[in-house]
Amino acid sequence: MDEKKKLNCWEYKKCGREPGGAKVAELGVCPVATEQRADGIHSGTNGGRCCWVVAGSLCKGQRQGNYVEKFGDCHKCDFYESVRREEMPQFKLGITILNEIKQRKG
């Protein structure tokens with residue numbers, strides 16, 4: 001049985017803000033798509049499956065703040081819920097991800 005492909009946030013949300021994406025010229029590349037220290041977390045590319053911990057992510061057409069400032073909104077996001085469901089019981093909490101990113105050289 002084939003395992004379902006785990007989508008990165010830009011694939012799930014179809015925002016076009018990944019490198020080479022349809023809206024990069026207009027809106028720029030989202031920092032989530034280039035956060036290499038988060039690569040592989042929850043099987044994502046760069047920060048694509050832990051976008052809620054990446055400061056300055058570009059959601060809802062505007063730059064978001066840091067983890068503490070934006071988590072209230074991220075916690076209600078359908079993509080966050082999707083990753084949480086797919087990764088349980090190995091889902092990593094935000095503080096765990098932040099510590100992991102901090103320890104990686106980038």
Side-chain angles (χ1 to χ4, degrees):
M1 189 159 128
D2 289 334
E3 187 175 324
K4 181 182 168 193
K5 181 184 182 319
K6 294 182 178 182
L7 299 176
N8 292 293
C9 59
W10 57 85
E11 296 165 319
Y12 186 93
K13 292 290 192 178
K14 297 177 176 38
C15 68
R17 299 181 85 166
E18 72 280 7
K23 294 191 178 177
V24 168
E26 176 188 353
L27 303 170
V29 173
C30 180
V32 169
T34 59
E35 179 50 79
Q36 295 177 347
R37 295 174 299 167
D39 193 55
I41 294 174
H42 295 140
S43 302
T45 301
N46 295 333
R49 287 185 57 84
C50 62
C51 49
W52 52 92
V53 303
V54 179
S57 60
L58 303 168
C59 301
K60 300 179 184 175
Q62 49 188 259
R63 185 171 302 280
Q64 305 296 305
N66 65 31
Y67 174 68
V68 173
E69 295 168 334
K70 69 181 192 163
F71 186 69
D73 287 334
C74 294
H75 189 71
K76 300 174 205 163
C77 175
D78 56 342
F79 178 70
Y80 174 85
E81 274 302 310
S82 174
V83 172
R84 195 176 67 75
R85 274 192 316 273
E86 289 173 0
E87 298 302 323
M88 279 301 184
Q90 287 82 31
F91 180 76
K92 294 179 180 183
L93 297 176
I95 192 69
T96 302
I97 296 170
L98 286 170
N99 286 333
E100 193 173 322
I101 289 171
K102 188 183 248 186
Q103 292 174 2
R104 295 180 180 185
K105 299 203 189 284

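All residue numbers in this chain count up from 1 along the given sequence.
Within the model, atoms CD of Gln62 and OG of Ser57 stand 10.5 Å from one another, a figure rounded to the nearest 0.5 Å. The structure places CD of Glu35 at 13.0 Å from OG1 of Thr45, a figure rounded to the nearest 0.5 Å. Taking NZ of Lys5 as the start and CG of Leu7 as the end, the distance is 5.5 Å to the nearest 0.5 Å. Expressed to the nearest 0.5 Å, how far CZ of Arg84 lies from CD of Glu87 amounts to 11.5 Å. With values rounded to the nearest 0.5 angstrom, Asp73 atom CG is found 10.0 Å from Lys70 atom NZ.
Transitive grouping of hydrophobic side chains (ILVMFWY, heavy atoms separated by less than 4.5 Å) brings Val54 and Tyr67 into a common cluster. Connection of Leu27 to Val32 is not established within any shared hydrophobic cluster, with ILVMFWY side chains joined at heavy-atom distances below 4.5 Å, either directly or through further cluster members. Taking hydrophobic clusters as Ile, Leu, Val, Met, Phe, Trp and Tyr residues chained together by side-chain heavy-atom distances below 4.5 Å, Met88 shares a cluster with Ile41.
Judged purely by atom type and a 3.5 angstrom limit, Arg104 uses its side chain to pair as donor or acceptor with the backbone of Asp39.
The minimum heavy-atom distance linking Gly56 with Arg63 is given by the pair O-NH1, 3.1 Å. Scanning both residues, Trp52 and Cys74, for their nearest heavy atoms gives CB-CB, 3.6 Å. The minimum heavy-atom distance linking Gly47 with Ala38 is given by the pair CA-CB, 3.8 Å. Heavy-atom minimum distance, Ile97 versus Cys50: CD1-CB, 3.8 Å. When every heavy atom of Asn66 is checked against every heavy atom of Val68, the shortest pair comes out as OD1-N, 3.1 Å.
A side-chain donor from one of Asn8 and Glu11 sits under 3.5 Å from a side-chain acceptor of the other.
Side-chain contact between Leu58 and Pro31 is present, with heavy atoms from C-beta onward closer than 4.5 Å. You'll find the side chain of Ile101 reaches within 4.5 Å of the side chain of Val53, heavy atoms only. Side-chain contact between Asn99 and Thr96: absent, with no pair of heavy atoms (C-beta onward) separated by less than 4.5 Å. Side chains of Lys13 and Cys77 form a contact here, defined as non-hydrogen atoms less than 4.5 Å apart. The closest side-chain heavy-atom distance from Glu86 to Arg49 is below 4.5 Å. Within the 4.5 Å cutoff, side-chain heavy atoms of Val29 are placed close to those of Thr34. Using a 4.5 Å cut-off on side-chain heavy atoms (C-beta onward), Cys30 and Trp10 make no contact. Contact of the Lys6 side chain with the His42 side chain is not registered, since no non-hydrogen atoms from C-beta on lie closer than 4.5 Å.
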(request) Could you check Gln64 against Glu69 for side chain to side chain contact (heavy atoms under 4.5 Å, CB included), going step by step and ending with a plain yes or no? (result) CA-CA 8 Å; Gln64 305 296 305; Glu69 295 168 334; over 6 Å; no

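Remark: aromatic rings of Tyr12 and Tyr80 are distant, center separation not under 6.0 Å.
For Lys23, the NZ atom is loosely surrounded, since the number of other residues' heavy atoms within 6.0 Å does not exceed 12.
Between Lys102 and Glu100 no salt bridge is recorded (no basic side-chain N to carboxylate O distance below 4.0 Å).
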